[in-house]
Amino acid sequence: MSGPYGPVPDAGTVLAIAPHPDDELIGAGGSLLLHAKAGRHVAVVHVVGREPTLTEELSEERYAAEIDLAARRLGVAEHFCLDAPSRDLLPRRELRIALAAAVRRLRPAVVYLPHADEGDREHRLVHELARDALWMAGADFFPEAGPEPAPPPRLVLAYEVWTPMREFSHAVDISSVMAEKVHAMRAYASQLHHVPWDEALEGLARYRGAVAQGGGHAEVFGVLNLAQQESLAHHEGLARHRG
């Protein structure tokens with residue numbers, strides 16, 4: 001683990017911004033696995049800290065161990081949390097600055113964030129915070145986020161968690177890593193006592209595979225920014241869909 005002001009990784013970083021631990025796994029875990037297997041530096045920022053009342057039986061050590069295990073199974077090179085208050089999340093400047101600092105340090109080529117119409121309020125707020133932070137990271141202002149503005153990511157993709165997207169413009173075939181994605185989700189053993197998320201994400205990926213590519217498993221995304229057209233060509237299973 002590192003943090004927004006830690007050491008700078010190699011070029012070609014992929015950054016996933018998630019409201020809570022496991023959100024990036026559900027929405028983009030297969031794609032993150034594919035990036036990691038291709039040798040990319042994959043980093044994850046979780047914005048919201050733990051809500052103890054949801055998992056009172058879980059110690060802090062076990063909670064952290066589940067997050068670490070899921071990250072290892074996804075091939076995530078570094079992950080850290082901004083510890084914003086659960087259920088009291090507000091779009092504060094300090095969170096935008098912390099996210100902008102992470103973007104300036106990591107200088108990602110690809111960014112994943114939750115889509116704007118998620119049913120969960122915190123997911124929608126993190127979408128807003130992340131979009132603002134990407135702009136701030138590239139602006140010639142906000143010195144508290146680091147001394148050097150970051151170039152814009154070549155590709156910014158919005159993923160789905162609680163609320164499936166009505167429209168998507170990009171699909172990635174994750175059939176080859178579907179079993180590994182499920183295995184990573186099972187690192188969150190405490191959560192599976194409440195909801196069978198491993199079964200749910202497999203079912204969503206199978207449905208998306210059928211719709212987007214006629215079978216197999218897929219993850220779908222909204223394209224929020226595409227600086228270079230060839231970026232999408234590097235992802236298998238590109239699809240356009242309205243429905």
Side-chain angles (χ1 to χ4, degrees), residues 9 12-46 70-79 103 106 108-115 118 123 126-127 130 134 153-165 167-188 197-198 200-213 215-241:
T13 295
V14 174
L15 173 61
I17 299 172
H20 316 93
D22 85 1
D23 287 334
E24 80 289 346
L25 195 165
I26 294 169
S31 297
L32 297 180
L33 275 160
L34 292 172
H35 285 303
K37 289 176 180 293
R40 307 296 288 276
H41 183 100
V42 177
V44 174
V45 180
H46 298 125
R72 289 198 301 273
R73 289 179 178 178
L74 278 183
V76 171
E78 62 172 296
H79 64 94
V103 173
L106 294 164
V110 181
V111 174
Y112 293 88
L113 49 84
H115 75 91
E118 279 280 320
H123 290 206
V126 170
H127 173 93
L134 288 173
R154 294 196 299 270
L155 185 61
V156 180
L157 296 172
Y159 58 83
E160 57 189 1
V161 184
W162 282 99
T163 309
M165 289 184 286
E167 300 180 2
F168 63 84
S169 48
H170 180 44
V172 176
D173 185 349
I174 62 166
S175 302
S176 64
V177 295
M178 188 65 230
E180 292 172 81
K181 178 174 178 174
V182 171
H183 186 53
M185 186 67 235
R186 287 175 179 160
Y188 291 105
W197 287 112
D198 52 343
L201 64 80
E202 196 278 335
L204 177 61
R206 184 177 293 277
Y207 169 74
R208 288 308 197 185
V211 170
Q213 59 196 28
H217 297 84
E219 290 170 345
V220 301
F221 304 95
V223 178
L224 304 182
N225 183 62
L226 180 59
Q228 295 182 5
Q229 186 62 40
E230 63 268 27
S231 296
L232 279 176
H234 292 165
H235 296 268
E236 289 189 279
L238 175 61
R240 297 193 174 276
H241 174 74

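Judged by distance alone, the side chain of R73 and the main-chain N or O of E180 form no donor-acceptor pair under 3.5 Å. Side-chain atoms of S169 never come within 3.5 Å of backbone atoms of G222 as a donor-acceptor pair (strictly under, hydrogens ignored). Looking at R206, its side chain never comes within 3.5 Å of a backbone N or O of H217 through a donor-acceptor pair. Under a 3.5 Å cut-off, the side chain of D173 and the backbone N or O of G216 do not form any donor-acceptor pair.
In terms of heavy-atom proximity, A187 sits nearest to A70 at CB-N, 3.5 Å. Smallest separation of non-hydrogen atoms from A36 and V42: N-CG2, 3.9 Å. Nearest heavy atoms, Y112 versus H35: OH-NE2, 2.7 Å. Smallest separation of non-hydrogen atoms from I174 and S31: CG2-N, 3.9 Å. Here the shortest heavy-atom pairing between N225 and P153 reads ND2-O, 3.1 Å. Between A43 and L106, the shortest heavy-atom contact is CB-CD1, 4.0 Å.
Between Q213 and S175 there is a side-chain heavy-atom pair separated by less than 4.5 Å. The side-chain heavy atoms of F168 and V223, taken from C-beta on, include no pair separated by under 4.5 Å. Put simply, the side chain of R154 does not reach to within 4.5 Å of the side chain of P108, judged on heavy atoms.
A side chain to side chain donor-acceptor pair (under 3.5 Å) with H46 is found for exactly one of H79, E24, H20, namely E24.
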Show the numbers, then the answer: is there a side chain to side chain contact (heavy atoms under 4.5 Å, CB included) between T13 and R40? CA-CA 6 Å; T13 295; R40 307 296 288 276; over 6 Å; no
Run the side chain to side chain contact (heavy atoms under 4.5 Å, CB included) check on V76 and R72 step by step: do they pass? CA-CA 6 Å; V76 171; R72 289 198 301 273; over 6 Å; no
**Working for side chain to side chain contact (heavy atoms under 4.5 Å, CB included), residues V156 and L134** = CA-CA 10 Å; V156 180; L134 288 173; 4.1 Å; yes
Working for side chain to side chain contact (heavy atoms under 4.5 Å, CB included), residues L25 and L201 = CA-CA 9 Å; L25 195 165; L201 64 80; 4.0 Å; yes
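Here the straight-line distance linking atom CG of L15 with atom NE2 of H41 works out to 9.5 Å at 0.5 Å rounding. In this structure, CG on D22 lies 4.5 Å from CE on M185, to the nearest 0.5 angstrom. Taken to the nearest 0.5 Å, the CG atom of L157 stands 8.5 Å off from the CG atom of L113. Distance CG/L224 to CG/L155: 9.0 Å, rounded to 0.5 Å. If you take CG on L74 and CG on L33, they are separated by 5.0 Å, rounding to the nearest 0.5 Å.
Residues satisfying the salt bridge (Lys or Arg N to Asp or Glu O under 4.0 Å) criterion with E219, sequence neighbours excluded, are K181. In this structure D198 satisfies the salt bridge (Lys or Arg N to Asp or Glu O under 4.0 Å) test together with R186, sequence neighbours excluded. Annotation: side-chain hydrogen bond (donor to acceptor under 3.5 Å, both in side chains) contacts of E118 (sequence neighbours excluded): H115, H123.
Under the 30°/60° scheme for interplanar angles, the aromatic rings of W162 and W197 are found to stand perpendicular.
The distance between the ring centers of H127 and Y159 does not fall below 6.0 angstrom.
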